[in-house]
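Worksheet: the structure to be examined is printed underneath.
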Amino acid sequence: MEGAGVLLRRSISPRSSNEHDPFLLFDHFAFNNPVEGPIRGFPMHPHRGIETVTYMLDGSVNHRDSLGNAGLIGPGDVQWMTSGRGILHEEMPRRGESGGIYGFQLWVNLPAAQKMSQPRYQEVNSSAIPVVEKEGATIRLVTGELDGIRGPVTEIAASPLYMDVKLAPASKFTYAIPRGHTALAYVFEGTGEFGSDPSTLPLVAGQGVVESVSMVVFNDDGDQIEVKSETGVQFMLIAGAPFKEPIVPYGPFVMNTVEEIQQAITDLRNGTFVK
Ligand code: FE2
């Protein structure tokens, strides 16, 4: 439970072990089902030292911050917010025409040298996100490259890949991930077989089968990932370069030292958090 009592699925969360470096958190929120509770939002709260990435599939999030930015993140839109040294913002979900609200928030770390940078937003309308159709796969490219096409979000320290991949029944998807990069797949619809070592592909039937809802962590540092599905699957593919720096997470702050966390708390108390 987060914010003003929002029930959500959190598959990874910020920890000092930093095992998914440069990724810190992945939240999946939906209000389509009674068990997921009434619509509640995330009233004014601070962030420092991270990037928060909101991607909506249905419904919207009304956003407002301490710097005077405001807007609506609608279905298919993405907001890539680089908090840098600090923002205070409010994120309030709204139902779409279908009555549903469905989306994800990813937190990406910032390297030490950029933790106190100026806040920055990249807000991309659904229509500006390229859609690549390829052998039964429909891919929406938020950031990263596929077949010479680049996603609209650029100049992010972690050199991330973030794409929404939908596979039709009886199809396959392969993608080359740079060696040393962290790779994750958040499977939110259907079932697929996920593998990361080309020497063992094609996968033996039944091996690596993943049903939604699951976070796949690719542990092998192979050359590519491969996903096959007999019945169809949809997932967010997430990859990026680790910073290999120590982190100290504290709620909405992720810094490199305890002193920097204490400074964030002092700044918040003294009203000097946002400049
Ligand atoms: Fe936030």
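Both backbone and side-chain heavy atoms feed into the values below; hydrogens, waters and symmetry mates do not. As the structure lists them, so they are numbered: ligands from 1, and atoms in each ligand from 1.
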> So His45 and His89, would you call those rings parallel, tilted or perpendicular, with 30° and 60° as cut-offs?
Replying inline: perpendicular
> Do Asp27 and Arg9 sit within salt-bridge range, that is, some charged N less than 4.0 Å from a carboxylate O?
Replying inline: no
>> Under the side-chain hydrogen bond (donor to acceptor under 3.5 Å, both in side chains) test against His63, which residue among Glu123, Glu91, Gln79 passes?
In response: Gln79
>> Counting the benzene-type ring for Trp, do Phe26 and Phe104 have ring centres under 6.0 Å apart?
In response: yes
>> Please give me the protein atoms (N, O or S only) lying under 2.8 Å from the Fe ion (ligand 1), ordered by chain and number.
In response: His45 NE2, His47 NE2, His89 NE2, Glu91 OE1
>> Counting only heavy atoms from other residues, nucleotides and ligands, does the tally under 6.0 Å from CD of Glu259 exceed 12?
In response: yes
> Do Val53 and Trp107 touch side chain to side chain, with heavy atoms closer than 4.5 Å?
Replying inline: no
